[in-house]
Participant: 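This is the structure, below, for whatever I ask next.
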Amino acid sequence: QPFTYTVSRTISDNMVIQRNQYVNIYGFSDKVGGIVYADFMGQTRYAAVDENGEWLIQFDAQEASTEPTTLKVYNKSEGPDGGKTFSNILIGDVWIVAGQSNVQVSLAGTLDNNPDFEATISDKDNIRLFTQYYWDYIYYFGDSESGIEGDGIPLKDIPDYASNTWAQATVETAKAFSAVGYYFAKQVADNTDVPIGMIMMTAGGAAICDFMPPEYFDETKHNHGLSLFKACDIWNTLMLPFQNMRVAGFLWYQGEANEGYYDLYTDDLVDFVGMMRNIWGENMPFYSVQITSHNDSSGTWPNIAKLRFAQTAALDRIDNYYVICSMDYGSNALDTDWAHPKNKKHIGDRLAYVALSKIYQPEKYTLENYGSPTVGKVDVKDGYAYVYYKYVGDGLKTCDDSKEVMGFYSKDALSDLKAEIVSKNCVKVILEDRLGNSITDKDFTLVYGNSAMADQTSCNLQNSNGIGALAFSYKYKVDNK
């Protein structure tokens, strides 16, 4: 018998379908047991509507292709020519870009910093974008101006009242998308033939727990942060509708809302990455942006440096997780406020360099040359700390070509620490307080990037390709020396 059904609105014309993974096509119907068919890439498959009113059809994995293809979905009474047809679909890599306001900033809001970039945007780049903002979903969150009270019911699909859909990247659609997300996609697309799809899952003022699925969220363990939302709100709206879609990887720029709970953030991040991989793929690439430098003269985020340290600490606990430095290009004179630096291109580019090195162009872009310099080990001896870095390219340098490396600090010395580059990958730090007394006879903490505004004027260490070193914290124990 004829019956009605819908295809998830996460599936549309102009989308990118993930390569080299099973292809999931899915939707909804009130007809339990009804059969939905689909034709894709020369295959015909079908599935029955389950007791939850959902159906999912799975196709064989496909290789990347820039040749547009078509998907047809139908029931038996309609036949292939009477159902729903989705066209201009590419096979490539789908990336999620998620986080709070600094990744929500649109490309249009950053072009003053990169005035020549707009001319490079082309619909020939094989970039496709799914743009969405949390305020699009007014019946979940509510809207006081319209007198709408939010119902807080998780969204299984993109609601009919929202216009969000896949689009080719043109000047218009790119400018409305996440700046970090588009800069990433553009840099990757310029260096590979693999089509790139980007899904935006961003929300200014959101804590990490707001992105967690309810089935994994632990009220006691995860519910902290200074957030504009309730726990799981962003998952329930911007993320849940995409849970059946296959993706290539996850870009993450979040942390300001959790700076007051910096000591819990590494654990939160480890748990969160595990949650995302349970849904979108074991060992899925997860690339994170270390919180940038902010001209926070009022001390709004007093622990932002410690939050950066927590992001770096997760490197020892999460596989296929990389962190890129952004603090060397933070707040500047073109910014309209202190909290949202508009120089985002270096962030997107550096995320892309990691993807290029690990996935697309490993011969041309290596982590050793294009990763953010990251501490491999610290040796303390004879009153010095020898800090050894990886990802240094042809060698460490200072951004101003000065001999002195700025940015090392110890609260136990009550002072910044003098340091210099002594080899291709090593910085020697003098472990003395301001009176010239050694601090190595007791436990101490050595950090790099100790302030909110830890930009090039105060943290000048970088690799040979001009990529800044990550902020980090190292604790020295006398008993373990």
Participant: With no hydrogens and no angle check, do the side chains of Asn369 and Thr366 hold a donor and an acceptor under 3.5 Å apart?
Facilitator: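 A pair is found: one side chain offers a donor N or O, the other an acceptor, under 3.5 Å apart.
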
Participant: Heavy-atom distance under 4.5 Å between the side chains of Phe86 and Val7, does that happen here?
Facilitator: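 Phe86 vs Val7: side chains touch.
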
Participant: Nearest 0.5 angstrom please: Asp218 CG to Asn223 CG, how far?
Facilitator: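 If I round to the nearest 0.5 Å, the distance is 9.5 Å.
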
Participant: Quick test of your reading of the model: are Lys397 and Asp401 salt-bridged, counting only N-O distances below 4.0 Å?
Facilitator: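 Asp401 and Lys397: not salt-bridged.
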
Participant: Regarding Lys175 and Tyr182, is there a side-chain donor-to-acceptor distance under 3.5 Å anywhere?
Facilitator: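 No donor-acceptor contact under 3.5 Å links the two side chains.
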
Participant: Is it true that Tyr137 and Gln132 share a donor-acceptor pair across their side chains at a distance under 3.5 Å?
Facilitator: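 Checked: Gln132/Tyr137 side chains pair up, N/O donor to acceptor below 3.5 Å.
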
Participant: Looking at Lys358, I want to see if its NZ is surrounded by more than 12 non-hydrogen atoms of other residues, nucleotides or ligands under 6.0 Å.
Facilitator: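 Check fails, neighbour count at 12 or below.
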
Participant: Between the side chains of Asp271 and His222, is a donor N or O closer than 3.5 angstrom to an acceptor N or O?
Facilitator: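 Per modelled atom types, Asp271 and His222 side chains form a pair under 3.5 Å.
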
Participant: Can you see whether Asp210 engages Ser227 through a side-chain donor-acceptor pair at a distance of less than 3.5 angstrom?
Facilitator: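 A pair is found: one side chain offers a donor N or O, the other an acceptor, under 3.5 Å apart.
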
Participant: Is it true that Phe130 and Phe242 have ring centroids separated by less than 6.0 Å?
Facilitator: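 Phe130 vs Phe242: aromatic centres under 6.0 Å.
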
Participant: Between Tyr140 and Asn236, do the side chains contain an N or O donor and an N or O acceptor separated by less than 3.5 Å?
Facilitator: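 Judged by distance alone, the side chains do pair up.
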
Participant: I would like to know whether Asp349 and Gln187 meet side-chain hydrogen bond (donor to acceptor under 3.5 Å, both in side chains); could you show each step before the answer?
Facilitator: CA-CA 6 Å; Asp349 285 349; Gln187 185 66 249; 3.1 Å; yes

Participant: Taking atom types as modelled, is there a side-chain donor on Asn343 or Asn113 under 3.5 Å from an acceptor on the other?
Facilitator: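 Per modelled atom types, Asn343 and Asn113 side chains form no pair under 3.5 Å.
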
Participant: For the backbone of Ala310 and the side chain of Thr266, can you confirm whether one donor and one acceptor N or O come within less than 3.5 Å of each other?
Facilitator: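 Flag set: sc Thr266 to bb Ala310 pair under 3.5 Å.
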
Participant: For the residue pair Ile347 and Tyr253, establish whether any side-chain heavy-atom pair is separated by less than 4.5 Å.
Facilitator: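 When only atoms from C-beta onward are counted, Tyr253 and Ile347 do touch, with a gap below 4.5 Å.
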
Participant: How many angstroms lie between CE in Met200 and CD1 in Ile96, if you round to the nearest 0.5 Å?
Facilitator: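 Going from CE on Met200 over to CD1 on Ile96, the span is 13.5 Å.
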
Participant: Does Arg317 form a salt bridge (charged side-chain N to carboxylate O under 4.0 Å, His left out) with Asp267? I'd like the steps, not just the answer.
Facilitator: CA-CA 9 Å; Arg317 298 178 55 188; Asp267 288 341; 2.6 Å; yes

Participant: Assess whether atom CD of Glu282 is packed by more than 12 heavy atoms of other residues, nucleotides or ligands within 6.0 Å.
Facilitator: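 Incorrect, the count does not exceed 12.
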
Participant: Does Val16 reach the side chain of Ile196, with side-chain heavy atoms less than 4.5 Å apart?
Facilitator: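 Heavy-atom side-chain distance check fails, nothing below 4.5 Å.
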
Participant: Report the C-alpha separation of Thr85 and Leu71 in whole Å, then their side-chain angles, then the decisive distance to 0.1 Å, and conclude whether the side chain to side chain contact (heavy atoms under 4.5 Å, CB included) test is met.
Facilitator: CA-CA 6 Å; Thr85 299; Leu71 165 71; over 6 Å; no

Participant: Going by the angle between their ring planes, with limits at 30° and 60°, are Trp252 and Phe286 parallel, tilted or perpendicular?
Facilitator: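 Judged by the thresholds at 30° and 60°, the geometry between Trp252 and Phe286 is tilted.
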
Participant: Does the side chain of Lys344 pick up a donor-acceptor pair with the side chain of Asn102 at under 3.5 Å?
Facilitator: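 The criterion, which ignores hydrogens and geometry beyond distance, is satisfied for Asn102 and Lys344.
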
Participant: With distance as the sole test, does Arg308 use its side chain to make a donor-acceptor pair with the main-chain N or O of Ala452 at under 3.5 Å?
Facilitator: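 Answer holds: yes.
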
Participant: Does Asp157 form a side-chain hydrogen bond (donor to acceptor under 3.5 Å, both in side chains) with Ser8? I'd like the steps, not just the answer.
Facilitator: CA-CA 6 Å; Asp157 198 12; Ser8 170; 3.0 Å; yes

Participant: What class does the angle between the rings of Tyr329 and His346 fall in, given that below 30° is parallel, 30 to 60° is tilted and above 60° is perpendicular?
Facilitator: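 Plane angle between 30° and 60°, so tilted.
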
Participant: Tyr448 vs Phe408 aromatic rings, parallel, tilted or perpendicular, using cut-offs 30° and 60°?
Facilitator: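 Taking Phe408 first and then Tyr448, their aromatic rings sit tilted (interplane angle of 30° to 60°).
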
Participant: Looking only at the side chains, is there a donor atom on one of Lys342 and Thr336 sitting less than 3.5 Å from an acceptor on the other?
Facilitator: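 The answer is yes; a qualifying pair exists.
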
Participant: Are His294 and Glu256 close enough, and set up right, to give a side chain to side chain contact (heavy atoms under 4.5 Å, CB included), and what steps lead you there?
Facilitator: CA-CA 11 Å; His294 296 285; Glu256 296 93 336; 3.9 Å; yes

Participant: What about the rings of Phe229 and Phe141, do their centers lie closer together than 6.0 Å?
Facilitator: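 Yes, ring centres under 6.0 Å apart.
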
Participant: Using 0.5 Å steps for rounding, measure from the CD1 atom of Ile153 to the OG1 atom of Thr237.
Facilitator: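 One gets 13.5 Å once the value is rounded to the nearest 0.5 Å.
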
Participant: Should Arg9 and Thr165 count as side-chain neighbours, where that means a heavy-atom distance under 4.5 Å?
Facilitator: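 Not touching, per the 4.5 Å side-chain cut-off.
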
Participant: With a 4.0 Å cut-off on N to O distance, would you call Arg277 and Asp319 a salt bridge?
Facilitator: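 Looking at Arg277 and Asp319, the cut-off is not met.
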
Participant: Have Thr66 and Asn126 got a donor and an acceptor in their side chains that come within less than 3.5 Å?
Facilitator: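 Their side chains do not contain a donor-acceptor pair, so the 3.5 Å distance test is not met.
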
Participant: Could you label the plane-to-plane angle of the Phe250 and Trp280 rings as parallel, tilted or perpendicular, counting under 30° as parallel and over 60° as perpendicular?
Facilitator: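 Rings of Phe250 and Trp280: tilted, 30 to 60°.
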
Participant: Taking only residues two or more places apart in sequence or in another chain, which ones pass ring-ring contact (aromatic ring centres under 6.0 Å, His included) with Tyr389?
Facilitator: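 None.
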
Participant: Check whether any side-chain heavy atom of Asp151 sits under 4.5 Å from a side-chain heavy atom of Glu149, and report yes or no.
Facilitator: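 Not touching, per the 4.5 Å side-chain cut-off.
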
Participant: Is there a donor-acceptor contact under 3.5 Å linking the side chains of Tyr409 and Ser451?
Facilitator: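 No pair is found: no donor N or O on one side chain lies under 3.5 Å from an acceptor on the other.
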
Participant: Can you label the angle between the Tyr5 ring and the Trp55 ring as parallel, tilted or perpendicular, going by 30° and 60°?
Facilitator: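 Plane angle over 60°, so perpendicular.
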
Participant: For Ser458 and Met453, run side chain to side chain contact (heavy atoms under 4.5 Å, CB included): C-alpha distance rounded to whole Å, both residues' side-chain angles, the deciding distance at 0.1 Å, then the answer.
Facilitator: CA-CA 8 Å; Ser458 59; Met453 191 59 185; over 6 Å; no

Participant: Taking side chain as C-beta onward, heavy atoms only, is Ile25 less than 4.5 Å from Phe40?
Facilitator: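 In short, these two side chains do not touch, never coming nearer than 4.5 Å.
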
Participant: Are Thr192 and Gln361 close enough that a side-chain donor and a side-chain acceptor fall under 3.5 Å?
Facilitator: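 No, no side-chain donor-acceptor pair sits under 3.5 Å.
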
Participant: Counting heavy atoms not belonging to Tyr261, are there more than 12 under 6.0 Å from its OH?
Facilitator: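 For Tyr261, atom OH is not crowded (no more than 12 foreign heavy atoms under 6.0 Å).
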
Participant: Kindly compute the distance separating NZ (Lys306) from CD (Gln311), expressed to the nearest 0.5 Å.
Facilitator: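 Rounded to the nearest 0.5 Å, the NZ-CD separation comes out at 15.0 Å.
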
Participant: Indicate, with yes or no, if the rings of Phe217 and Trp235 have centres closer together than 6.0 Å.
Facilitator: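 That pair fails the under 6.0 Å test.
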
Participant: How many angstroms lie between CG in Asn450 and OG in Ser410, if you round to the nearest 0.5 Å?
Facilitator: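 Between atom CG of Asn450 and atom OG of Ser410 there are 9.5 Å.
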
Participant: Nearest 0.5 Å, please: how far is OG1 in Thr300 from CG in Leu226?
Facilitator: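 So the gap between those two atoms works out to 10.5 Å.
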
Participant: Is a donor from one side chain sitting under 3.5 angstrom from an acceptor on the other, for Asn88 and Gln168?
Facilitator: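 Indeed, the side chains of Asn88 and Gln168 share at least one donor-acceptor pair under 3.5 Å.
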
Participant: Please step through side chain to side chain contact (heavy atoms under 4.5 Å, CB included) for the pair Gln462 and Ile467, ending with a clear verdict.
Facilitator: CA-CA 5 Å; Gln462 58 184 210; Ile467 298 174; 5.8 Å; no

Participant: With a 4.5 Å cut-off on side-chain heavy atoms, are Val354 and Leu356 touching?
Facilitator: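 Leu356 vs Val354: side chains apart.
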
Participant: If you measure only the distance, is there a donor-acceptor pair under 3.5 Å linking the side chains of Tyr183 and Ser178?
Facilitator: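 No, no side-chain donor-acceptor contact under 3.5 Å.
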
Participant: So that I can tick it off, tell me whether Arg19 and Asp93 are bridged by a salt bridge, with the cut-off set at under 4.0 angstrom between side-chain N and carboxylate O.
Facilitator: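 A salt bridge is present here (some side-chain N lies under 4.0 Å from a carboxylate O).
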
Participant: Do the two ring centres, one from Tyr262 and one from Phe309, sit under 6.0 Å apart?
Facilitator: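 That pair fails the under 6.0 Å test.
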
Participant: Quick check: do Tyr391 and Tyr370 have side-chain heavy atoms less than 4.5 Å from each other?
Facilitator: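 A side-chain contact under 4.5 Å is absent here.
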
Participant: Can you confirm whether the side chains of Gln100 and Gln254 place a donor and an acceptor under 3.5 Å from each other?
Facilitator: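 Yes, because at least one side-chain N or O of Gln100 sits under 3.5 Å from a partner of the opposite role on Gln254.
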
Participant: Return yes if a side-chain donor-acceptor contact under 3.5 Å exists between Thr70 and Ser87, otherwise no.
Facilitator: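 No, Ser87 and Thr70 have no side-chain donor paired with an acceptor closer than 3.5 Å.
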
Participant: Ignoring hydrogens and angles, state whether a donor on the side chain of Tyr133 or Asn164 is under 3.5 Å from an acceptor on the partner side chain.
Facilitator: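 Looking only at side-chain atoms, Asn164 and Tyr133 do not form any donor-acceptor pair under 3.5 Å.
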
